[in-house]
**Student:** 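Okay, handing you the structure first.
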Amino acid sequence: MAKKYITTAIPYMNGNPHIGHAMDYCLADVCSRYYKMLGDEVRLQAGTDEHGNKIFLKAKDSGVDAQVFVDEKTDSFKAFIKKLGVEYTDFVRTTDELHMKRCQEIWKRLEDHIYLAKYNGWYCTGCERYVTDKEYEENNGVCPDHQKPYEKLEEENYYLRISDFRDEIREAIESDKMLILPDYRKKEMLKLLEESPDVSISRPISQLTWGVPVPGDDSQVMYVWIDALSNYITVLGYPEEDISDWWPARAQFVGKDILRFHAIIWPAMLLGLGLPLPKAMISHGMILANGQKMSKSIGNVVEPMEVVEKYGLDAFRYYFLRHVDTFADSDFTWEKYDSAYNNELANDLGNLVQRLATLASKNRLAYQKPESFVLPEEYTSLMNDFEYSKAFDFVWEKVQDLNKKIDDEKPWMLAKNGETEKLEECLSRLIDGLLLANYMLTPFLPETVQKIKNVFDGLIEPPKIPLFPK
RNA sequence: CGUGGGGUAGAGCAGCCUGGUAGCUCGUUUGGCUCAUAACCAAAAGGUCGUAGGUUCAAAUCCUACCCCCACAACCA
């Protein structure tokens with residue numbers, strides 16, 4: 001039994017769970033359930049990123065302690081993940097004491113590649129952030145939000161020397177030893193890698209207090225990178241535990257917006273620690289509403305839980321795993337969602353189950369289900385390549401084929417004509433087909449798969465409540 | 001002259017690498033069927049493949065130029 005480790009991106013706790021997070025979790029969950037179906041032992045990590053000034057200030061604004069603030073947020077995320085039917089095995093919070101301790105240890109181990117340097121640039125005291133030279137020029141040196149001139153500020157930061165690892169990272173990406181999907185993102189990352197400067201990994205304590213202290217320097221606090229990215233291994237117990245059973249991860253799922261950090265900074269850290277790079281990094285797209293980015297100001301934000309509540313969890317998973325492209329940006333509209341539910345789940349699959357169950361029940365079919373199923377190669381190859389929406393399409397073709405076959409073979413005519421043997425052979429074969437399709441749906445639609453199994457187990461009776469009621 | 005992706009039937013997409021009758025899903029129309037959640041099956045209509053040139057016996061596919069849309073753009077996760 002092989003061991004496989006799958007990770008999700010840890011969301012920043014300054015906001016509430018949204019549909020993009022759901023996408024990340026669902027993909028990783030399908031991956032994990034697929035490997036489990038093949039008999040592997042799987043660990044699926046999830047977690048939350050809880051440090052940083054933004055959170056600190058937000059907590060202050062709401063008049064609560066930062067820790068209390070993130071505790072609440074984390075609870076809401078945990079509840080969210082649970083509602084999505086995601087079976088995670090490990091949960092890591094960047095404010096966990098153990099995580100912080102491990103982070104400091106990781107920092108120490110990276111010290112050969114870390115140096116202290118002065119940073120200077122334009123800073124807006126209103127925004128509390130640095131702006132790029134380009135932004136400075138575009139705004140003629142005045143912050144448009146605060147109508148204040150940018151100040152020249154100089155501070156000391158620790159830097160991680162990316163250049164120490166550039167060749168090795170490039171080689172790993174080019175050779176697919178660290179596979180980046182989809183391919184056009186891989187190209188993008190290779191280009192970005194060449195331009196990547198050393199990355200600043202700390203802030204003076206005067207600027208950032210809510211974070212992990214830099215070991216051996218009281219005046220500096222870790223900036224996000226080492227703190228957050230290291231979660232993937234601290235949750236496994238690194239460095240004090242041997243993680244070689246689980247690391248390198250089989251697959252790391254990330255949004256396209258944060259791929260660059262995972263494709264450049266994270267590998268640099270791993271190489272600095274002498275650890276292997278993850279086998280695959282899957283970058284998924286964003287979910288759009290009517291072709292537009294969801295945003296609060298436009299007011300087109302789709303609440304994931306609202307979507308789940310409308311037709312149930314499996315319908316949600318169905319839509320986001322099949323009609324949302326695994327890699328590219330995709331659209332969500334209620335209209336499309338309704339249509340997918342009615343035409344596909346209810347009419348194709350739900351109705352197929354109903355038809356076969358009724359035929360079997362009316363004719364008192366003594367159905368013997370197969371001992372085991374052999375997964376078609378096309379399916380496994382798509383699943384192994386993380387092409388989940390395509391694998392889903394493949395299964396659906398089988399479902400539609402079965403509906404065709406029923407029409408072609410007209411089992412009700414066989415019954416009318418008293419051709420019992422033929423009828424039994426025909427129905428059994430069709431049900432075998434359905435159960436195989438159902439088996440292939442295991443990673444995608446856990447609730448439905450169980451229901452369908454139950455219908456054809458023992459005495460067959462059509463479900464009293466349709467699988468996907470309209 | 002920033003980088004990347006894209007423009008193919010009413011909608012959403014595949015095909016382009018490795019040129020050779022333009023395809024899938026939904027929608028529309030018509031027909032069939034009755035096992036089924038007014039579900040299912042079949043057939044038809046619908047496209048000068050962004051524009052203009054070029055290469056070729058032959059271009060959605062290769063080359064050149066241009067137009068349009070979108071995403072990202074050094075620490076805003």
Side-chain angles (χ1 to χ4, degrees), chain A residues 9-15 49 51-55 119 121 124 127-135 145 157 159-160 162 182-185 187-189 191-192 195-203 223-225 227-229 254-262 264-265 285-286 288 291-293 322-323 325 327-331 333 335-336 339-340 342-363 389-390 393 396-397 400-416 423 426-427 430 462-463 465-470:
Chain A
I10 58 172
Y12 195 52
M13 287 299 105
N14 67 339
D49 179 10
H51 284 129
N53 240 348
K54 272 201 167 171
I55 282 177
Y119 175 90
C124 171
C127 307
E128 295 196 298
R129 69 180 183 99
Y130 284 96
V131 299
T132 61
D133 287 346
K134 199 166 181 180
E135 207 173 341
D145 293 335
N157 288 178
Y159 285 82
L160 180 64
I162 297 289
D183 196 56
Y184 55 83
R185 296 272 173 233
K187 285 183 201 145
E188 221 173 274
M189 290 308 123
K191 188 158 274 175
L192 267 170
E195 300 159 1
S196 270
D198 291 344
V199 56
S200 149
I201 52 170
S202 77
R203 290 287 180 276
Y223 185 62
V224 58
W225 311 120
D227 179 10
L229 290 167
V254 297
K256 67 170 188 188
D257 53 335
I258 54 170
L259 176 64
R260 59 183 56 198
F261 313 128
H262 286 76
I264 297 167
I265 302 175
M286 302 287 153
L288 310 173
Q292 270 186 316
K293 212 169 174 173
R322 180 166 185 219
H323 291 297
D325 187 284
F327 305 118
D329 289 358
S330 299
D331 213 30
T333 62
E335 210 182 350
K336 284 183 187 174
S339 150
N342 288 315
N343 293 325
E344 296 162 16
L345 283 175
N347 295 353
D348 289 340
L349 180 60
N351 186 44
L352 174 65
V353 169
Q354 203 75 23
R355 294 175 89 181
L356 286 175
T358 308
L359 282 165
S361 159
K362 278 190 180 169
N363 296 295
S389 51
K390 291 208 176 97
D393 285 345
W396 222 257
E397 264 173 47
Q400 287 171 322
D401 271 355
L402 287 164
N403 270 320
K404 278 188 192 104
K405 275 190 190 137
I406 298 182
D407 275 76
D408 286 348
E409 303 191 21
K410 302 185 177 40
W412 58 91
M413 288 301 284
L414 298 175
K416 215 182 238 175
L423 174 68
C426 167
L427 284 182
L430 293 172
I465 305 158
L467 243 53
F468 301 102
K470 288 193 191 175

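Given the structure is predicted, the values throughout are model-derived calculations rather than measurements. Each chain gets a letter, A, B and so on, in the order the sequences are listed, and its residues count up from 1. Below, each value reflects all heavy atoms present in this structure, side chains not excepted, and no hydrogens, waters or symmetry copies.
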**Student:** Rounded to the nearest 0.5 Å, what separates atom CG in Asn403(A) from atom CG in Leu356(A)?
**Tutor:** 8.0 Å
**Student:** For Pro411(A) and Asn14(A), take the nucleotide of RNA chain B holding the closest heavy atom to each; which residue's nucleotide lies nearer the 5' end?
**Tutor:** Pro411(A)
**Student:** What is the minimum heavy-atom distance between Tyr12(A) and Lys54(A), and which atoms define it?
**Tutor:** OH-CB, 3.7 Å
**Student:** For U61(B) versus G7(B), give the span between their P atoms, rounded off to a whole number of Å.
**Tutor:** 12 Å
**Student:** Between C35(B) and A71(B), how far apart are the two C1' atoms, rounded to whole Å?
**Tutor:** 49 Å
**Student:** Has Lys256(A) got a side-chain N or O lying under 4.0 Å from the OP1 or OP2 atom of G5(B)?
**Tutor:** no
**Student:** Does the protein touch nucleotides 37-43 of chain B at the base, only the backbone, or not at all? Give it as B, S and - per nucleotide, heavy atoms under 4.0 Å.
**Tutor:** B-SBSS-
**Student:** Atom CD of Glu344(A) to atom C1' of G27(B): distance rounded to whole Å?
**Tutor:** 13 Å
**Student:** What integer distance in Å separates Met189(A):CE from G5(B):P?
**Tutor:** 12 Å
**Student:** Which pair of heavy atoms, one from Pro411(A) and one from Leu423(A), lies closest together, and at what distance?
**Tutor:** O-CD1, 3.3 Å
**Student:** Please give me the minimum heavy-atom distance between Ser200(A) and Arg203(A), naming the atom from each residue.
**Tutor:** OG-NH1, 2.9 Å
**Student:** OP1 or OP2 of A74(B) sitting under 4.0 Å from any side-chain N/O of Tyr159(A)?
**Tutor:** no
**Student:** Given atom CZ of Arg185(A) and atom C1' of A73(B), what is their separation to the nearest angstrom?
**Tutor:** 13 Å
**Student:** With P as the reference atom in both, quote the distance from U25(B) to A42(B) in angstrom, rounded to an integer.
**Tutor:** 9 Å
**Student:** Taking NZ in Lys256(A) as the centre, count heavy atoms belonging to other residues, nucleotides or ligands within less than 6.0 Å. Is the count above 12?
**Tutor:** yes
**Student:** Measuring from the side chain of Trp412(A) (C-beta onward, heavy atoms only), which nucleotide among C75(B), C33(B), A74(B) has the closest atom?
**Tutor:** C33(B)
**Student:** Rounded to whole angstrom, note down the P distance from A39(B) over to A14(B).
**Tutor:** 29 Å
**Student:** Walk me through whether Trp225(A) and Val199(A) qualify under side chain to side chain contact (heavy atoms under 4.5 Å, CB included).
**Tutor:** CA-CA 9 Å; Trp225(A) 311 120; Val199(A) 56; 3.5 Å; yes
**Student:** For the P atoms, the ones on C63(B) and on C1(B), what distance do you get once it is rounded to whole angstrom?
**Tutor:** 25 Å
**Student:** Please report, rounded to the nearest Å, how far the C1' atom of C26(B) is from the CD atom of Glu397(A).
**Tutor:** 16 Å
**Student:** Which pair of heavy atoms, one from Glu344(A) and one from Trp396(A), lies closest together, and at what distance?
**Tutor:** O-CZ2, 3.2 Å
**Student:** Take atom P in G27(B) and the same atom in A11(B), then report the distance between them in whole Å.
**Tutor:** 16 Å
**Student:** Using the side chain to side chain contact (heavy atoms under 4.5 Å, CB included) rule, take Lys470(A) and Asn347(A) through it: C-alpha gap first, then chi angles, then the decisive distance, then the call.
**Tutor:** CA-CA 10 Å; Lys470(A) 288 193 191 175; Asn347(A) 295 353; 2.7 Å; yes
**Student:** Mind calculating the distance between CG (Asp257(A)) and C1' (C75(B)) to the nearest angstrom?
**Tutor:** 15 Å
**Student:** Side-chain contact, heavy-atom cut-off 4.5 Å: Leu414(A) with Lys410(A)?
**Tutor:** no
**Student:** Could you measure between the two P atoms, the one in C67(B) and the one in U21(B), and give it in whole Å?
**Tutor:** 33 Å
**Student:** When the distance from CG of Leu192(A) to P of C75(B) is rounded to whole Å, what number comes out?
**Tutor:** 13 Å
**Student:** For a side chain to side chain contact (heavy atoms under 4.5 Å, CB included) with Lys404(A), tell me which candidate from Leu402(A), Asp407(A), Asp401(A) qualifies.
**Tutor:** Asp401(A)
**Student:** Any base atoms under 4.0 Å from Arg260(A), or only sugar-phosphate, or nothing? Heavy atoms, all strands.
**Tutor:** sugar-phosphate
**Student:** Please report, rounded to the nearest Å, how far the P atom of C75(B) is from the CG atom of Asn53(A).
**Tutor:** 15 Å
**Student:** Test Trp412(A) against Ile406(A) for side chain to side chain contact (heavy atoms under 4.5 Å, CB included), laying out the working first.
**Tutor:** CA-CA 9 Å; Trp412(A) 58 91; Ile406(A) 298 182; 3.8 Å; yes
**Student:** So what does the secondary structure string of RNA chain B come out as, 5' to 3', with Watson-Crick or wobble pairs under 3.5 angstrom, [ ] for crossing and | for pairs with another strand?
**Tutor:** .(((((((.[[[[.)....(..]]]].(((((.......))))).....[[[[[..)....]]]]])))))).....
**Student:** Determine the Euclidean distance between corresponding P atoms of U3(B) and C66(B); express it in Å to zero decimal places.
**Tutor:** 14 Å
**Student:** Describe the nucleic acid contact of Lys410(A) in one word from base, sugar-phosphate, nothing, applying a heavy-atom distance below 4.0 Å.
**Tutor:** nothing
**Student:** If I take atom CG in residue Asp49(A) and atom P in nucleotide C76(B), what distance separates them, rounded to the nearest angstrom?
**Tutor:** 11 Å
